Amino acid sequence: MTRVPEEYDECKRIVAPDGSYDAAEVAALELDDDEFRELYESMVQARALEERGRTLQRRGEFHFWMECRGLEAAHVGPAAALADRDWLNTEWRQYGAHIQRGRPLEDILLFWLRGYETWETDDIDRMDPYERRLPHIVAVGTQLPQTAGLVWGRKLQGYDEVGLVTVGDGGASKGDFHAGLNFAGVLELPVVFLVLNNQWAISTPVEEQTAADTFAQRAAGYGFDGVLVDGNDVLATYRETRCAVERARDGEPVLLEALTYRRGAHSSSDDHGRYRSEEAIEPWRERDPIDRYERVLEDRGLWDEEYAASVREAAEQRAREAADEALAVAAEQGPGDVFDEVFANPPDYVESQRAELLDLYERHGEEAFRW
Amino acid sequence: MAADTLTLVEAVAEGLHDEMARDESVVVLGEDVGRSGGVFRATEGLRDAFGPDRVVDTPLTETGIAGAAIGLAASGLRPVAEIQFMGFTYAALEQLFTRAARMNARSRGQFPGQLVVRAPFGGGVRAPDLHGESMEAIFVHHPGFKVIVPSTPRDAKGLLTAAIRDPDPVLFFEPKKIYRAFREAVPEGTYEVPIGDASVRREGEDVSAFTWGAMTRPTLDAADELAEEIDVEVVDLRTLSPMDRATIVDSFKKTGRAVVVHEAPRTGGLAGEITALLQEEALFYQEAPIARVTGWDAVYPLYELEDFQLPNATRVTEAIREVSEV
């Protein structure tokens, strides 16, 4: 049984599933036309990138891909609520969050092709907003205490920076969830914890993940507030995160839960037909975050079919170009790269092992290594 | 340079103090490190000297301490985290393995994991369960860490200083059996003992004994006991990762015989690594099988039984005799 936001009286929402909304609440957001459109365009871009990644995985050009369709409002809205100087530590599938922060698409894709990430500058103070993140690492939940430590350190150095860190409903079962929230509460750290409850941890449904009604209610145990928000309403995820960021800036952490639904498979290696039906997904197609938001834009004179088609087309084009570029960059990797940056101050044996591999490669050729 | 006579644990405290005074980005965090000065007093006086912002008593969560240290390092600070006992690092292994050790590689150097995790380790102090572990091999096996085990007060201070200044994540394991076993003159002010250099504690021609931490003492005792009949060279590794292969191999080439002494369990322990190194680099210098004197492959026994677990001078003496007689 999936949970829907409408079941919860306390669930924060601006735009209802049918597209109706309270105009005063939208006006109170004080977004300008460009900002309204940017939320839309980031969501569309995320979906186009996701479709491109899936296609390339099926063609064998990507080995692995994580799916995100249906989750765009829960990814884009919170990212939009951050100041440029704030930090955003996400999990793997949140393409929309990074797009909203301005991260180049090929950089997002290269993570999947190379396993590592790159930054333009070594200097934290000169980082672009999209660079203000820790690298993705697959161990879920571990990013929570790290984000607490990161903004704690920045605070000790006199900076006023908030960390927004996300975790899935599965990751919320990890001990590090507790460690991270408890640390932040006790030390009064400027962290916003966002549980992206998409109701599936691969094949485990949320009701087998927790017996609690919501994740948001856990916040009480840490001495701060929890807020449940409709994760398919981009204006609501934006507003509630913005409020949470303001509170966190004053040393009051906040736990947000965005209630949404993972419509796609967990990853390209997952056959979700084995554990759920198409009918189960249908109610969430009706709650599609992009469709829902169109009516708001249309009423403001910011949306029509022509605009939507041009946004979609441009997004698809950019995704294609980024994928081509990322594949070209990834193809330049050589065997010696295996040893790069394992240490900042490498011991001698790193170089001798690199030399050993390069010598084998030189004598036997690349083909001998492919299996 | 004036010198104080300090115990190993006092040298740790002085090393932390001096480096915190020199570099304001150094912060200390852990359970009981502040008000109480640590259960072994390794952080004594730091909170009075540097305040509660830089010497932080944290909630009781090793994974939180390790995770926060990783974040602190990413922010540009130099955290020194204390995990109260090596056995408690098990609760922090996911943070250490999945993040600390790979932060540099996965961010291509953007966020080096410049942090030190200090943990008292080893047995011989009649402590409860999980307080006697000597599991350094699991950290040596994981790429991305540096692993240090001092065996003297002077080294403890100098190696800890080097560890704090090193840009990589360093595990600094302090042999608690010898925290207060003896005193040594320790230079005042900051100085580094380089990471990656073993120390030849006793020169000899007949047998090489390789060891580290608390086991350095019984190994030296055995060498002294045998001095009339066998000339034993004792090499204290000091740094387990990176290991000083050159010093190990050179010593073995001179003597042709080796005993490796560690209190960690035998199977999968570093004695195997050292033996393999000698096979690779110096097989034709070998005069006798290489002997291992180690803890047994047993869950660490408590109280009276731990005397049977730990190598002692008797076992080391016997092993040296055995390899000498071949």
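All chains are named by letter (A, B, ...) in the order of the sequence lines, taking the proteins before the strands, and each is independently numbered beginning at 1. Values in this document were obtained by computation on a predicted structure and should not be read as measured data.
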K.L.:
Measuring heavy-atom distances to chain B, does A:Ala139 have an atom under 4.5 Å in its side chain, in its backbone, in both, or in neither?
P.N.:
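Answer is both: backbone and side chain atoms of A:Ala139 are under 4.5 Å from chain B.
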K.L.:
Under 3.5 Å, is there a donor-acceptor pair between the A:His266 and A:Arg93 side chains?
P.N.:
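Their side chains do contain a donor-acceptor pair, which is all the 3.5 Å distance test asks for.
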K.L.:
Please classify the contact between A:Leu156 and chain B as side chain, backbone, both or neither, with a heavy-atom cut-off of under 4.5 Å.
P.N.:
side chain
K.L.:
Heavy-atom distances under 4.5 Å only: say whether A:Tyr349 touches chain B with side chain, backbone, both or neither.
P.N.:
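Side chain only.
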K.L.:
Could you tell me which residues in residues 106-118 of chain B have at least one non-hydrogen atom under 4.5 Å from a non-hydrogen atom of chain A, sorted by residue number?
P.N.:
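B:Arg106, B:Ser107, B:Arg108, B:Gly109, B:Gln110, B:Phe111, B:Pro112, listed by number.
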K.L.:
Using non-hydrogen atoms and a 4.5 Å limit, figure out which bit of A:Asp125 sits close to chain B: side chain, backbone, both or neither.
P.N.:
neither
K.L.:
Which heavy atom in B:Met243 sits nearest to a heavy atom in B:Ile274, and how many Å separate them?
P.N.:
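Looks like SD-CG1, 3.9 Å.
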K.L.:
A:Thr142 versus chain B, heavy atoms under 4.5 Å apart: side chain, backbone, both or neither?
P.N.:
both
K.L.:
Just by distance, do the side chain of B:Ser241 and the backbone of B:Val140 share a donor-acceptor pair under 3.5 Å?
P.N.:
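Here the side-chain-to-backbone pair does not exist.
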K.L.:
Using non-hydrogen atoms only, which part of A:Val186 is less than 4.5 Å away from chain B: side chain, backbone, both, or neither?
P.N.:
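Just its side chain gets close to chain B.
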K.L.:
Using non-hydrogen atoms and a 4.5 Å limit, figure out which bit of B:Arg245 sits close to chain A: side chain, backbone, both or neither.
P.N.:
side chain
K.L.:
Where does A:Leu189 contact chain B at under 4.5 Å (heavy atoms): side chain, backbone, both or neither?
P.N.:
neither
K.L.:
For B:Leu29, is it the side chain, the backbone, both or neither that has a heavy atom under 4.5 Å from a heavy atom of chain A?
P.N.:
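Side chain of B:Leu29 only, per the 4.5 Å heavy-atom cut-off to chain A.
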K.L.:
Who are the salt bridge (Lys or Arg N to Asp or Glu O under 4.0 Å) partners of A:Glu161, not counting sequence neighbours?
P.N.:
A:Arg132, A:Arg154
K.L.:
Between B:Asp197 and B:Arg238, is there a salt bridge with N-O shorter than 4.0 Å?
P.N.:
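Judged by the 4.0 Å cut-off on N to carboxylate O distance, B:Arg238 and B:Asp197 do not form a salt bridge.
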K.L.:
Where on B:Asn104 is there a heavy atom nearer than 4.5 Å to chain A: the side chain, the backbone, both, or neither?
P.N.:
both
